2 protein chains.
Amino acid sequence: MLPSENIKDFLDQGPEYLPSVSVDCVIFGFHEQQLKVLLLEFKKTKAHALPGGFVFKNESTAEAAKRILWERTGVKDIYLEQFYTFGEPNRGNWDVHKATMASHGFDLTKEHWLLQRFITVGYYALVDFSKVKPTPDIFSDVGDWYDVHDTPPLILDHNHIVAKALETLQLTIDHKLVGFNLLSETFTMNELQSLYETVLDKKLLRANFQRKMLNLGILERVKKKFTGKAHKPPFVYRFNAEALDKQNS
Amino acid sequence: MLPSENIKDFLDQGPEYLPSVSVDCVIFGFHEQQLKVLLLEFKKTKAHALPGGFVFKNESTAEAAKRILWERTGVKDIYLEQFYTFGEPNRGNWDVHKATMASHGFDLTKEHWLLQRFITVGYYALVDFSKVKPTPDIFSDVGDWYDVHDTPPLILDHNHIVAKALETLQLTIDHKLVGFNLLSETFTMNELQSLYETVLDKKLLRANFQRKMLNLGILERVKKKFTGKAHKPPFVYRFNAEALDKQNS
DNA sequence: AGCATACGTGTAAATTTTGCACAAAAAAAA
DNA sequence: TTTTTTTTGTGCAAAATTTACACGTATGCT
């Protein structure tokens, strides 16, 4: 199927969506000491945007977010949390959408459903960077990771949405054990610490951090890691889900 | 104007609202050692509900919430905070609306805008109980305060919404200084403490509570209170807004 | 076998929180 | 005016937590 046919299909799908409501996902990943966000780049217009989409009439906003997440990352069972709903009537310039569509040969009228006002429900997702293959959608040709502190200008109020998501994550990570979702299934204490340092943007004392984490009783020691380095290899930990559930409930 | 004409006006207003989006307000007040919520009781059907409404096409959800708040309480400049958006496709039984309208002589078809699916954005408000005169809307004949732990069954998912609002308030009050909004402009340390004890649902040590509050540097001592009792009257405090702004920023 | 490395734990100092006690204050009563 | 009564406001020590640093130890390489 040609790209423009996909887009026609999408535009025809308008009536199946719940009007006025969209969902945007701030997908966080952790890589090389940086907290990353997954962004899409539109074809031709080269504008950047958060992965987002619309909500089917019999679908919850959370399900819509999960669907979008799956389409963009190929990962299911993602840690997902709603953080804010952006309900301003003027969330920015919708010309981008018009231009994007025009660049594909669709000239939308002012009344077209895609150019109406949308409230967007923001979800942030924490994913294992190594498991994710950023997948562009039909409007974008690339999905790529950006340092959350060094994002390009985004369409609409998406920069604001990213900022709010980061703020929420920083407030959350300290008293709710969500950080593990950003690491692979097993990890060293060092990796965990540098994740926390990156998210909170401050140095932590190794010794105390380790004690605190171990005392939570949610880390399971797996095995030694073979590093090939001339020193003692670190333990590798796995995060114990049952214990976490108790704490978060 | 007769009630049913008001209702007709309301029903005709459908096209002016943003489709699929509503706003519900959990209005908290503090009275007689109880945390209260303002609830409406529908005429005839006697069902209870949160004050809520719809969003005009050029209005933000926050503005809509403020408007509803003003209509129900007669108070402006209310402390208002968005806490969650309820985006399930099945948020409960919409028969109540149909029945309510039927009781006013309007037989709504299944396709009527009022009976469609709505996402609702939840806001909680903190108001000075003594300043508020609960005002019913056109569907309800009474607005009344209920102990948040002793509410009647509410329509749709409104009980759930109240629970979530309370949860948010409890998490917030400890590290964000929002409690003052629930008291009158001046208050004694005792009143402030019993507010905290009620919201957090636990006893606090008077001496330490007082120290903590005073050390925040946001309380301004006003004057002695004449109680008519045979003992030392307490100081009366006023909450100093500028100092708070610094802390919350 | 010994060394370099950085991991894991022990411990003391500093700070904050908790619990309780008591004096000061002010209105009413004598 | 003096005493009585009650509750406020502050002081202080014990307990708990956080912070900072030091040291012993396991491991792979030389």
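Everything quoted here is computed from the prediction, not taken from an experiment. Letters A, B, ... mirror the listed sequences (proteins, then strands); counts begin at 1.
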For nucleotides 13-16 of chain C, tabulate all protein N/O to nucleotide N/O atom pairs closer than 3.5 Å, reporting atom names and distance.
none

Phosphate-side-chain proximity, Q210(A) and dC7(C), N/O vs OP1/OP2 below 4.0 Å: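 Q210(A) to dC7(C) OP1/OP2: no side-chain N or O under 4.0 Å.
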Contacts of [X] that satisfy side chain to side chain contact (heavy atoms under 4.5 Å, CB included) - sequence neighbours left out:
X       : result
K46(B)  : E41(B), D141(B)
L200(A) : I173(A), D174(A), Y196(A), K202(A)
Q34(B)  : K36(B), D147(B)
E59(B)  : V55(B), F56(B), E63(B), A64(B), R67(B)

Gap between atoms [atom1] and [atom2], on [X] and [N] respectively (whole Å):
X       : N       : atom1 : atom2 : value
N208(B) : dT17(C) : CG    : C1'   : 7 Å
N190(B) : dT8(D)  : CG    : C1'   : 9 Å
L214(B) : dT8(D)  : CG    : P     : 13 Å
Q193(A) : dA6(C)  : CD    : P     : 14 Å
M189(A) : dC7(C)  : CE    : P     : 11 Å
L192(A) : dG8(C)  : CG    : C1'   : 15 Å
N215(B) : dT10(D) : CG    : P     : 10 Å
F209(B) : dC20(C) : CZ    : P     : 19 Å

Residues in ring-ring contact (aromatic ring centres under 6.0 Å, His included) contact with F42(A), at least two apart in sequence or another chain: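 Counting only residues at least two positions away or on another chain, F42(A) forms no ring-ring contact (aromatic ring centres under 6.0 Å, His included).
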The helix from dA1(C)-dT30(D) to dA30(C)-dT1(D): angle between end helix axes, five pairs per end, rounded to 10 degrees: 10°
CA sep, side-chain torsions, deciding dist, call: T61(B), V121(B), side chain to side chain contact (heavy atoms under 4.5 Å, CB included): CA-CA 7 Å; T61(B) 49; V121(B) 184; 4.3 Å; yes
Presence of donor-acceptor pair under 3.5 Å, side chain of R221(B) and base of dT8(D): no
Whether E81(A) side chain and A125(A) backbone form a donor-acceptor pair below 3.5 Å: no
Donor-acceptor pair, side chain of N181(B) and main chain of V178(B), under 3.5 angstrom: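 Judged by distance alone, yes, a pair lies under 3.5 Å.
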Nucleic acid contacts of residues 194-205 of chain B, taken as heavy-atom distances under 4.0 Å to DNA chain C: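 Per residue number, the list reads L205(B).
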Pairs flagged by side-chain hydrogen bond (donor to acceptor under 3.5 Å, both in side chains) wherever residues 149-161 of chain B is involved - sequence neighbours left out: R91(B)-D157(B)
Residue mapping more 5' on DNA chain D - nearest nucleotide basis, K212(A) or R206(B):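 Result: R206(B).
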Sequence-distant partners of [X], salt bridge (charged side-chain N to carboxylate O under 4.0 Å, His left out), two or more places apart:
X       : value
E185(B) : R238(B)
K131(A) : D128(A)
K203(B) : E197(B)

Shortest side-chain distance from A207(A), nucleotide among dA22(D), dT19(D), dT8(D): dA22(D)
Closest to the Y237(A) side chain, choosing from dG19(C), dG8(C), dG10(C):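 Ranking dG19(C), dG8(C), dG10(C) by closest atom to the Y237(A) side chain puts dG8(C) first.
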